Structure formats: C-alpha cells, structure tokens
Amino acid sequence: MTTTPLLGGPTLPQRRELRTDLPGPKSRALLERKEAAVAPGVGLSLPIFVAAAGGGVLVDVDDNVLIDLGSGIAVTTIGNAAPAVVAAVTDQVSRFTHTCFMITGYASYVEVAEELNRLTPGDHVKTTALFNSGAEAVENAIKIARRHTRRPAVVAFDHGYHGRTNLTMALTAKVMPYKDGFGPFAPEVYRAPASYPFRDGLTGPEAAARALGQIEKQVGADNLAAMIIEPIQGEGGFVVPAPGFLATLASWAKQHGVVFIADEIQTGFARTGDLFACEHEDVVPDLITTAKGIAGGLPLSAVTGRAEIMAAAHAGGLGGTYGGSPVACAAALAALRTYTEQDLAGRARAVEAIILDELSALRDDPRVGEVRGRGAMIGIEFVDQDGRPDPALTTRITAAVHAQGVVLLTCGTYGNVIRLLPPLAIPDDLLREGLGVLRDAVRSV
Ligand code: PLZ
C-alpha cells in the first residue's frame, strides 16, 4: 500500500483496482433510485457512486478503486478529505456550525479575508466578501462593479463560463446544456471575441484589438461597468489566450475606468503552476473571483479586490445566510495554509511535466489538434481530418477511459476537449498509470 507523498495523507490504497465491471451492482441500484428520485436535469458523467476518496483515488460503493483525474472539477486540489481539512472541519463543527456572519461574527471569516487579500495578485489595499458558490461570487463582483462605476454594461467573452444563475447564465457563452430554454437572461451583458490561438491564429495584441474594437463600437467604454474573463478558459475548452491578450484588455480597462474582473474560480489556488493564473503574465485584476479549490471541497467562494471598489457596496448591500460559513472558513484556512506551506504551485508544475511526458507520444497523432494548458490544468483538443472539432471521438475515448476505472472530464464549446485536473495529492505513479490508460484509449479508439 502506498500513500501519497505530498500530504502525508490518506489511508486509502493508492492504486487502481476494479472488482466489478463499471458500474457495479450497488452503483447500478443507486443509479436506478437516482433516476426515480432526482430531477433529470441534474446529470452524472460517470454512473458511479462514491463511498470514500483521498489522495488520487475514488472508492465506489462496490469497492472499486478509481483514479481521479478530475478533482470534482478542480476542487479537491489538495486531495479529497485532506487530513488538515478534516481536522479543521471536525473541530469547528463540534464548537458551532452557524451564526450567520451578518448577525454575529467569528474570527475565521476575517482570517480567510486577510489571507485572500494577502495571497491574490497585486500589493494594493484589498478587501474580501465571502459567498457559497462560484456563480454567487461572480454575481456579487458584477454588483460591486456596477455600483462603483454607476454604469450598466458588462462584457464577457466567447467560450467563457461563469455559472448557472440568471446573471451568470447571461455571462456564460455556451447555450447547451447551460442556458437552453432558461431565459430570458439578464440584460446589459455583451459578448466579445476571445483569444483562441489554435483556432484564430491571432497574437494576443491582435485578438485584444479585435475584442476592444467590437466593445467600443457595440457597447462604448462609458457604458461599461466591467469586463470579466477567465485567465485560462475552463468549461470553454482549457483555452490559453495568446500572450499579451489579458494584459492589453486590463490596461484598456484601467484607462477607461472599467473594472477588470478575473474569474479564477477554476484556475485559482495553485492549479496552473502559480497561485493564481493571472500571475503568469503579471496581470493584476481589480477584482478576482475564487471558489472551488479554496476550501478543499467545502462550499465557499470569494470576491477580493481593490478596497476602494469593494467599498462602493453600501453597508448591508452584500451578504447571504450562509456566505462564509464557519465550517467552510475553517476548511479554507487549512487549505490555504497547505497551498503556501507545501508549495503546491511547484507541485502543479511537476504534475505538468509528468502529464506532458506521458502524453508526448500522442503529439504525432493527427487527431490530437493541440495539447495545451498550464500546471495541473491541461487539455487535449481532438479534431477530424479537416481540423474540425471531433466531439464524437472525444466521447468514445472518454467512455473507454471511464470503463478502465479512470475518472476523466471533458469540456469545450465544441465538446472536443479532454481536460486533466488531477488532485495535486495524487502520487506520481498513479498519475502516470491514469495517463497511460488515456494514451491506450486514444490509440485503440
Ligand atoms: N466560473 C470559471 O469554472 C464552475 C461548472 C460545472 P459554481 N465550473 C464548473 C457545471 O457544469 O455546473 C465555474 C467556473 C468559472 C464560475 C463557475 C461557477 O461556479 O460554484 O459552479 O457556481
């Protein structure tokens, strides 16, 4: 039995082991009950029900041990049920579970805010507000930007993803499955072309000039409260913008008094090999939204930004019953300590090297259009012989990988990108094994 070298962690065996075909009988029975009891709008990528997880594995209810290359969509970056998080949460729930921070305070909320103010890009004075989900953080960032600028419009980008609530659906680009039939959507949201080097062939400054030209013609800087962008697009296909794209947008925003919001909900917390993806290009956002990796699996999100912008929201204007729950804050303090004390950004760069090494044999495959990304956020875009997106091939490869007991996610506007988001607590040999399964599946499908 090997345990993860990174976090001293879990007691689960760190090896893949299939005792049944997938899904096994217990998962199949739960799937039947799910179909009867759970609204069909809530999907399930793999028909597997989990009993335990840690390090780089998920153990299902049939005692199958699966390799986790998804981290629950970039959430359990420090590992599932990470010991430091378990200890902090256990201690917190035994003392108190809830007060509502808007009613009576507790220190951990303040400490999480202090940590985020310190860790996020830029050395200006910052403040933070805490919420529950990524979408809620995005909504609040827009509320703050509008109140600060007294302007109505917001620009988001092609391939962008920001959530499933009404305002964030409007910001999200892709209609299926996120928006179809769920409108009407929030007004005053405009979409600009993004930078997608593999498909548009533009340099960063060229792509930025195209976007800004459109914004100036169709929206007008004087009407624009904010632009919101993911520094590497997640759901949209792990699209890394060409160098200079983000910096050009940010400097235009500054010049025109437009609030530049970096949505680092998927890219944040060491995932891309820096603590935040903006750091790679020295871009300093006015506001940054974070969630996912922030609390090791507990629901927590944040808006952090320039104190003078954050102060635009009047007293009592921001909040919610559960935002910054004491349990989630306890988890976050443990998780944030882990990121910095164990240099998980460095670990993400080591994971990147392993991924690129294991996938190097695929680069000559004409169906592999591009392997891209940074750190432990790497995507593979699949194309047909004419270079067009090949979602059917992507689905076949993913299904073959799932059947072998490796949890793997897809993404992309065209549904043709396999994305790798392993927990950073995964042992190297297990990561290599999971990638080997993927490599074999690509070859055999
Ligand atoms: N912004 C950049 O990646 C969440 C969505 C999965 P919530 N991404 C996973 C799905 O199909 O619902 C995300 C993101 C970025 C915002 C969000 C929204 O975060 O916590 O899901 O609300």
Side-chain angles (χ1 to χ4, degrees), residues 34-35 38-47 70-75 131-143 145 153-196 199 211 226-241 261-268 271 277 289-293 299 301 303 373 377 379 381-382 389-392 394-395 398-399 407-421:
K34 181 226 175 230
E35 275 158 14
V38 178
V42 182
L44 202 58
S45 299
L46 282 86
S71 303
I73 324 187
V75 171
F131 304 97
N132 301 290
S133 66
E136 207 185 343
V138 170
E139 293 251 354
N140 279 279
I142 304 292
K143 279 160 68 171
V154 180
V155 161
F157 288 82
D158 283 341
H159 314 289
Y161 182 91
H162 302 288
R164 293 175 182 261
T165 58
N166 188 264
L167 174 57
T168 60
M169 274 194 293
L171 295 167
T172 290
K174 191 177 175 181
V175 67
M176 236 2 215
Y178 308 120
K179 303 165 68 164
D180 192 51
F182 293 150
F185 303 112
E188 288 301 320
V189 172
Y190 300 88
R191 196 168 318 289
S195 166
Y196 195 153
R199 298 212 161 265
M227 56 171 64
I228 180 161
I229 191 160
E230 306 155 77
I232 295 177
Q233 292 182 313
E235 304 305 308
F238 279 28
V239 184
V240 185
I261 305 170
D263 181 345
E264 293 238 21
I265 286 166
Q266 192 153 162
T267 50
R271 181 52 62 183
T289 54
T290 55
K292 290 191 186 281
S301 67
V303 181
M377 184 173 184
E381 173 155 358
F382 291 95
D390 197 339
T394 312
T395 304
T398 308
V407 176
L408 185 69
L409 314 179
T410 59
C411 61
T413 297
Y414 314 108
N416 67 325
V417 178
I418 282 178
R419 54 170 151 176
L420 299 167
L421 286 168

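Keep in mind that this is a model prediction, so the values were computed, not measured.
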Chemist: For the atom pair OG1 (T168) and OH (Y161), what is the distance rounded to the nearest 0.5 Å?
Modeler: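 Reported value, rounded in 0.5 Å steps: 7.0 Å.
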
Chemist: Output the distance between atom CD (Q233) and atom CD (Q266), rounded to the nearest 0.5 Å.
Modeler: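 With rounding to 0.5 Å, CD (Q233) is 11.0 Å from CD (Q266).
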
Chemist: Would you check if the side chain of K179 reaches a backbone N or O of M169 as a donor-acceptor pair within less than 3.5 Å?
Modeler: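 Side chain of K179 to backbone of M169: a pair is present.
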
Chemist: Just by distance, with hydrogens left out, do T289 and D263 show a side-chain donor and acceptor under 3.5 Å apart?
Modeler: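 Indeed, the side chains of T289 and D263 share at least one donor-acceptor pair under 3.5 Å.
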
Chemist: One pair to check against side-chain contact (heavy atoms from CB on, under 4.5 Å): M377 and L421. What are the steps and the verdict?
Modeler: CA-CA 5 Å; M377 184 173 184; L421 286 168; 4.1 Å; yes

Chemist: Would the distance check show the side chain of T172 and the main-chain N or O of H162 forming a donor-acceptor pair, the cut-off being under 3.5 Å?
Modeler: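 A pair under 3.5 Å: yes.
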
Chemist: How close do D180 and M176 get, heavy atom to heavy atom, and via which atoms?
Modeler: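 D180 and M176 have their closest heavy atoms at CB-SD, 3.4 Å.
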
Chemist: For a quick test of reading the model, state the closest non-hydrogen atom pair linking F131 to A137 and the distance between them.
Modeler: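 Shortest heavy-atom contact: CD1-CA, 4.2 Å.
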
Chemist: Can you name the nearest heavy-atom pair linking A186 to A170, along with the distance?
Modeler: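 So the two residues come closest at O-CB, 3.8 Å.
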
Chemist: If you compare all heavy atoms of G160 against all heavy atoms of E230, which two are closest, and at what distance to 0.1 Å?
Modeler: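 G160 and E230 have their closest heavy atoms at CA-OE2, 3.2 Å.
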
Chemist: Restricting to non-hydrogen atoms, name the atom on F157 and the atom on P193 that form the minimum distance, rounded to 0.1 Å.
Modeler: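 Closest approach of F157 to P193, heavy atoms only: CD2-O, 3.5 Å.
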
Chemist: Could you go through Y190 and M227, starting from their C-alpha distance and side-chain angles, then the distance that decides it, and tell me whether this counts as side-chain contact (heavy atoms from CB on, under 4.5 Å)?
Modeler: CA-CA 9 Å; Y190 300 88; M227 56 171 64; over 6 Å; no

Chemist: Working to the nearest 0.5 angstrom, can you tell me the gap between T395 OG1 and F382 CZ?
Modeler: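 One finds 10.5 Å between OG1 of T395 and CZ of F382.
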
Chemist: So which heavy atom on A194 is nearest to which on H159, and how close?
Modeler: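 That closest heavy-atom pairing would be CB-CD2, 4.5 Å.
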
Chemist: Between T267 and I232, is there a donor-acceptor pair closer than 3.5 Å when you use the side chain of the first and the backbone of the second?
Modeler: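 No.
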
Chemist: Would the distance check show the side chain of R419 and the main-chain N or O of G70 forming a donor-acceptor pair, the cut-off being under 3.5 Å?
Modeler: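 Side chain of R419 to backbone of G70: no pair is present.
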
Chemist: Look only at the side chain of K292 and the backbone of G72, and say whether a donor-acceptor pair between them is shorter than 3.5 Å.
Modeler: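 Here the side-chain-to-backbone pair does not exist.
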
Chemist: Mark yes or no for whether R191, through its side chain, and L171, through its backbone, hold a donor-acceptor pair below 3.5 Å.
Modeler: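 The answer is yes, because a donor-acceptor pair under 3.5 Å joins these two groups.
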
Chemist: I need the E381 CD to R199 CZ distance, nearest 0.5 Å.
Modeler: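 Reported value, rounded in 0.5 Å steps: 4.5 Å.
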
Chemist: Any chance you could measure F182, atom CZ, to R164, atom CZ, to the nearest 0.5 Å?
Modeler: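 If I round to the nearest 0.5 Å, the distance is 8.0 Å.
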
Chemist: Using only atom types and a distance under 3.5 Å, with no angle test, would you say the side chain of S301 pairs donor to acceptor with the backbone of S133?
Modeler: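 Side chain of S301 to backbone of S133, a donor-acceptor pair under 3.5 Å: yes, one is there.
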
Chemist: Could you check if a side-chain atom of I261 sits within less than 4.5 angstrom of a side-chain atom of V303, using non-hydrogen atoms only?
Modeler: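 Heavy-atom side-chain distance check fails, nothing below 4.5 Å.
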
Chemist: List the steps, then state whether side-chain contact (heavy atoms from CB on, under 4.5 Å) holds for L167 with V189.
Modeler: CA-CA 9 Å; L167 174 57; V189 172; 4.0 Å; yes

Chemist: For residues E235 and Y178, determine if any side-chain heavy atom of one lies less than 4.5 Å from a side-chain heavy atom of the other.
Modeler: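 Side-chain contact under 4.5 Å: yes.
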
Chemist: Starting at CG of L420, measure out to CZ of F238 and round the result to the nearest 0.5 Å.
Modeler: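 It comes to 7.5 Å.
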
Chemist: Is there a donor-acceptor contact under 3.5 Å from the side chain of N416 to the main chain of T410?
Modeler: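 Checked: no pair found.
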
